[in-house]
**Q** 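Sharing a structure, written as structure tokens. Questions coming.
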2 protein chains.
Amino acid sequence: MPVPDEPTPPGGTPRAGSRAAARERTHAGLLDAAAAVFAEKGYGAASVGEIARTAGVSVGSIYAHFAGKQDLFLALMDRRRVAEMDDARRHLADGLPSALHDLDHRVTATADDGRAALLAAEAWLYAMRDPDFGADLAAHQDRLRADLLPLIRAERARRGAAWSLTDEEVATVALGLFSGLVQHRRLARDSVPADLYGRALLALLDGLATRD
Amino acid sequence: MPVPDEPTPPGGTPRAGSRAAARERTHAGLLDAAAAVFAEKGYGAASVGEIARTAGVSVGSIYAHFAGKQDLFLALMDRRRVAEMDDARRHLADGLPSALHDLDHRVTATADDGRAALLAAEAWLYAMRDPDFGADLAAHQDRLRADLLPLIRAERARRGAAWSLTDEEVATVALGLFSGLVQHRRLARDSVPADLYGRALLALLDGLATRD
DNA sequence: GTCTATATATTGATAGAC
DNA sequence: GTCTATCAATATATAGAC
């Protein structure tokens, strides 16, 4: 999702102008630069040197903030996760009908955003090679799924019929279709119209009622 | 998809034992090694040295077969593409009902296969950074979609009702859900049961009939 | 066509001045 | 905390013997 990638001041925002605030600024600037470089080059090909240059600091300064390239990447992913959760909770709060229209916009925004889809793919690949990070990412997906569940439950109650998928499975399909359509749209924009996600989800919901 | 990654003898298979056959063997062996190393390390972190060592040849020998790391990667992706097309056409030939059950198996096989999903993600990321390769990959997806279309058309005719999605959109959703579920299953196997793809597609088809 | 040896550049990370 | 300078390791790619 097109996450604004906002900084996360740990334990309260330090007063502007203070030494702690300056440190926070470089810290956040490094994460911004990391997002740009990791997205452009990929994790493997990205170099800490270029990240430092992009952030406008020296190589050595990076190691005063992070243990190394890996730690920097993990910190970046952490920041994106909390931003994505905030974003999701804000947009899902109003119930499913309003959310459906919103989700369409999130598909296109995520696909058309320069870095979001790229970094998500980098994160998934990193997770495939680092079991610990994989567990973190899976837990994050679980939380997203959990946030989706109340809306699905309410919709099922509203329609008052038995479904051929469990609520959790519906949430999984919704999440899977989301990332799948984002990647397809990114590859060939014309093949994924802006409202396809919403229409597909509606058809799915209509078809879930078991037929006898 | 769990593509066997078979060699592609250009212009007919050379006689076994001939010099051309020996060349073909190393060529194919290099592609096999490339598949293993690119999947394990990722494109950026993979080194031609390790690929050579895995294939049991020297670094210099790689450059007698390929122009470099990039060319090797592209050749590998090319081989996987023709194998995937063969595979898809073979399994889709019998019509949709038989294909549906088969598709379920393809989701689990692709997700559980060691390299297929990894290399697919690497290919997508590479495509995001190389427009030419991106066009190739998009064209490949288009061919897959085209192969899916007859089955969808037949199913719509069988059900004899208007649909809220075009046939092409249904194909896109089917492809998108496929890759999305594969990635989710790879991350958290329990969240994606083996038959979820088929059940979701069935529900989608049931719900496509417009309601008035 | 395959090998060994090597040229050249870049990498992640560290040391020490300020 | 940020800098400059530098380390050792590794990268891609090439040259030349066989």
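Just so it is clear: chains get the letters A, B, ... in the order the sequence lines come, proteins before strands, and each one is counted from 1. Computed from a predicted model, the values in this text were never measured in an experiment.
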**Q** Could you give the side-chain donor-acceptor pairs of residues 146-154 of chain B under 3.5 Å, partners two or more places apart or in another chain?
**A**
unit_1   : atom_1 : unit_2  : atom_2 : d
B:Asp147 : OD2    : B:Arg89 : NE     : 2.6

**Q** Establish, from distance only, whether the side-chain atoms of A:Thr108 and A:Arg185 form a donor-acceptor pair under 3.5 Å.
**A** no
**Q** Within 45 degrees of the axis of the six-membered ring of A:Tyr63 and under 6.0 Å from its centre: does A:Lys69 put its NZ or CZ there?
**A** no
**Q** Reading DNA chain C 5' to 3', what string of ( ), [ ], | and . shows its pairs, if Watson-Crick and G-U wobble pairs count only when both distances fall under 3.5 Å?
**A** |||||||.||||||||||
**Q** Is the phosphate of C:dG1 approached by B:His27 (side-chain N or O, under 4.0 Å from OP1 or OP2)?
**A** no
**Q** Can you give each donor-acceptor pair under 3.5 Å made by side-chain atoms of residues 51-60 of chain A, sequence neighbours left out, with the distance rounded to 0.1 Å?
**A**
unit_1  : atom_1 : unit_2  : atom_2 : d
A:Thr54 : OG1    : A:Glu50 : O      : 2.8
A:Ser58 : OG     : A:Ser61 : N      : 3.4

**Q** With a 4.5 Å cut-off on side-chain heavy atoms, are B:Leu92 and B:Asp102 touching?
**A** no
**Q** Take atom CD1 of A:Ile51 and atom P of C:dT10, then tell me their distance rounded to the nearest Å.
**A** 17 Å
**Q** Output all residues satisfying side-chain hydrogen bond (donor to acceptor under 3.5 Å, both in side chains) with A:Asp94, sequence neighbours left out; order by chain, then residue number.
**A** none
**Q** Please determine which of B:Arg79, B:Arg143, B:His140 meets the side chain to side chain contact (heavy atoms under 4.5 Å, CB included) test together with B:Glu84.
**A** B:His140
**Q** Do nucleotides 4-18 of chain D as a string where each nucleotide becomes B, S or -: B if the base has a protein heavy atom under 4.0 Å, S if just the sugar-phosphate does, - if no protein is that close.
**A** B------SSBB----
**Q** Quick one: B:Arg53 CZ to C:dT4 C1', roughly how many Å, whole number?
**A** 16 Å
**Q** May I have the distance from A:Asp71 (atom CG) to C:dG12 (atom P), rounded to whole angstrom?
**A** 14 Å
**Q** Write down the distance between CZ (A:Phe66) and P (C:dT14), rounded to a whole number of angstrom.
**A** 15 Å
**Q** Mind checking salt bridge (Lys or Arg N to Asp or Glu O under 4.0 Å) for A:Arg129 and listing every partner two or more places apart, or none if nothing turns up?
**A** B:Glu122
**Q** In whole angstroms, how far is the P atom of C:dT11 from the CG atom of A:Leu72?
**A** 15 Å
**Q** Can a side chain N or O of A:Thr26 be found less than 4.0 Å away from OP1 or OP2 on D:dG1?
**A** no
**Q** Just the rounded figure in Å: distance from C1' of D:dT2 to NE2 of A:His65.
**A** 8 Å
**Q** For the pair made of CD in A:Glu24 and P in D:dG1, what is the distance, rounded to whole Å?
**A** 11 Å
**Q** Check the orientation of B:His27 and B:His65. Use parallel for under 30°, tilted for 30 to 60°, and perpendicular for over 60°.
**A** tilted
